[in-house]
K.L.:
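The structure follows.
Keep in mind it's a predicted model, so treat the numbers as computed, not measured. Naming: A, B, ... by sequence-line order, numbering from 1 per chain.
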2 protein chains.
Amino acid sequence: MTTRAADHIREKLEQAILTGSYGDGVRLDELQLAEKFEVSRTPIREALQMLAASDLVELIPRRGAFVRHPGFVELVEMFEVMAELEGLCGRLAARRMTDSLLSELKTAEQGCMSALDDGDTDAYYRANEQFHTLLYQASGNSFLTAEAKRLHKRLQPFRRLQLQARGRMWQSMEEHKAILLALETGNAEASAGLLRDHVAIQGEKFHDLMAGYHAQPAGQGVEQMV
Amino acid sequence: MTTRAADHIREKLEQAILTGSYGDGVRLDELQLAEKFEVSRTPIREALQMLAASDLVELIPRRGAFVRHPGFVELVEMFEVMAELEGLCGRLAARRMTDSLLSELKTAEQGCMSALDDGDTDAYYRANEQFHTLLYQASGNSFLTAEAKRLHKRLQPFRRLQLQARGRMWQSMEEHKAILLALETGNAEASAGLLRDHVAIQGEKFHDLMAGYHAQPAGQGVEQMV
DNA sequence: TGTCAAGCTCTTGTATACAAGAATATTGTT
DNA sequence: AACAATATTCTTGTATACAAGAGCTTGACA
């Protein structure tokens, strides 16, 4: 556990940026934030440094910190990398799967199913997240797990958006079933391929979704993309 | 260009850590560093924050910043991920290769060859680095390029070490030739596979190398691994 | 009226001062 | 002599003070 104020502030700002409270290019004023969080500029500056390291803000010398949302092209690029990382997780997980993790994965899958039955998008979202997190762990590669989690988090708002596409939740669950089967039978290459496609298709669905958009009300975390 | 002192200090400390000047677990005292760099604690602290973000040091609240070298297991894990990222670069590069980048790649390959003829390990190392950097760019995915560069940099000292293995430089160049051919003919899957193996083999060679070691004089950037 | 420049203001970058927790030394007790 | 409790010192975390560059305002001139 951390007792540093800067960490807490970073967390808050990160959430605010990821949920779209701060639009692209918005300048984060140190004094304003200092008042808002009731601390001095020092911990604010530390938080901004950390956000810059995660590439959530751009730090321009003598100018300030500016929120930096990924553009459309960058987003597609990120999905491309995420697909590969998940594919690797799948390949390794198929070889290194443990009984306990497999059963946890099945539980998460059950969670997806019942959420789908209830039409509870939020619950589906959480169970889906759990499924993927477990998969990362099953890779048995903690560095990979950390990297996958990092990117997953970064793509979180856009994945959520993409899940709202018509029929996507149902299709996603079908894919999960196939993935679970491949993992259970230890079919490494099948797992890798299925998972890569599973994520890649998210990027493509997202692409489709954006193509029709281009005029979205603010505050949805999308308005900053061209 | 940046005019901030903290960035400069970060750069210096990063080099010092990567080259092994600071061993694993060493505590970086803020006051000491402030004297050494002739600045106050403020920019030192900012530099340490950034290093913590890159996972080069661990920041323990109220205790300080401790250098954190990857252990053997983590290193193998990192090579595993690096192999996959390079593989992806190869797959994309084969599809998106431009004439200009291909010719640059060939130039870098020439550089490797002549360095090998001269027995100049250092020159070979630089040309090899150039080869891989160009490959990343050829992927046409700037996010992937950035991630690959980041991890490449992190593995740099160990890759260098590994190149000293007997016959490895020669073998590496043979692999480069095959990779170039696959890229030139636009064979995406072959490029991906060859590059993945090219890096994976580095991890394995590294493994071999370590197996015999276990008693290395200090200052080589290896002593911190079990 | 538009443009450019000098000065002013505002914000960031750095240094220093202060607060509080952690490590260490000291002293008293068994 | 060994251990525990306490006091002291040292280091980090935070606040404030100071320095300097960026941008804006105002005014002069074309």
K.L.:
Let me see the working for A:Val76 and B:Phe143 under side chain to side chain contact (heavy atoms under 4.5 Å, CB included), right down to the final yes or no.
P.N.:
CA-CA 9 Å; A:Val76 171; B:Phe143 178 76; over 6 Å; no
K.L.:
Check whether B:Ser40 reaches the backbone of B:Thr42 with its side chain - one donor and one acceptor, N or O, closer than 3.5 Å.
P.N.:
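Side chain of B:Ser40 to backbone of B:Thr42, a donor-acceptor pair under 3.5 Å: yes, one is there.
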K.L.:
Using a heavy-atom distance cut-off of less than 4.0 Å, which residues of residues 43-58 of chain B contact DNA chain D?
P.N.:
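Hits under 4.0 Å, by residue number: B:Arg45.
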K.L.:
Measure all distances between protein nitrogen or oxygen atoms and nitrogen or oxygen atoms of nucleotides 7-11 of chain D, and list the pairs falling under 3.5 Å.
P.N.:
unit_1, atom_1, unit_2, atom_2, d
D:dT11, O3', B:Arg27, NH2, 2.9

K.L.:
Charged N to carboxylate O below 4.0 Å: is that the case for A:Asp24 and A:Arg68?
P.N.:
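No salt bridge links A:Asp24 with A:Arg68.
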K.L.:
Reading DNA chain D from 5' onward, which residue's closest nucleotide shows up sooner: A:Arg41 or A:Arg4?
P.N.:
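Mapping each residue to its closest nucleotide by heavy atoms, the 5'-most match is A:Arg4.
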K.L.:
Donor-acceptor check, side chain of B:Asp118 to backbone of B:Asp120, threshold 3.5 angstrom: yes or no?
P.N.:
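No.
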K.L.:
Counting distance only, does the side-chain N/O of B:Arg96 pair as donor-acceptor with the main-chain N or O of B:Ser139 below 3.5 Å?
P.N.:
yes
K.L.:
Need two values: the first and the last nucleotide of DNA chain C, 5' to 3', having an atom under 4.0 Å from any heavy-atom of chain A.
P.N.:
C:dT11 to C:dT14
K.L.:
Would B:Gln49 and A:Gln49 count as having a side-chain donor-acceptor pair, cut-off 3.5 Å?
P.N.:
no
K.L.:
Begin with the C-alpha distance, continue with both residues' side-chain angles, and end with the deciding distance and a verdict on side-chain hydrogen bond (donor to acceptor under 3.5 Å, both in side chains) for B:Glu77 and A:Ser142.
P.N.:
CA-CA 7 Å; B:Glu77 291 180 349; A:Ser142 54; 2.9 Å; yes
K.L.:
Looking at B:Glu129 and B:Arg159, does any basic side-chain N land under 4.0 Å from a carboxylate oxygen?
P.N.:
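Here B:Glu129 does not pair with B:Arg159 in a salt bridge, since their nearest N and O are not under 4.0 Å apart.
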K.L.:
When you compare the side chains of B:His132 and B:Glu86, does any donor N or O come within less than 3.5 Å of an acceptor on the partner?
P.N.:
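A donor-acceptor contact under 3.5 Å links the two side chains.
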K.L.:
Could you tell me if A:His69 and A:Tyr22 have a donor-acceptor pair between their side chains, going purely by distance under 3.5 Å?
P.N.:
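No, no side-chain donor-acceptor contact under 3.5 Å.
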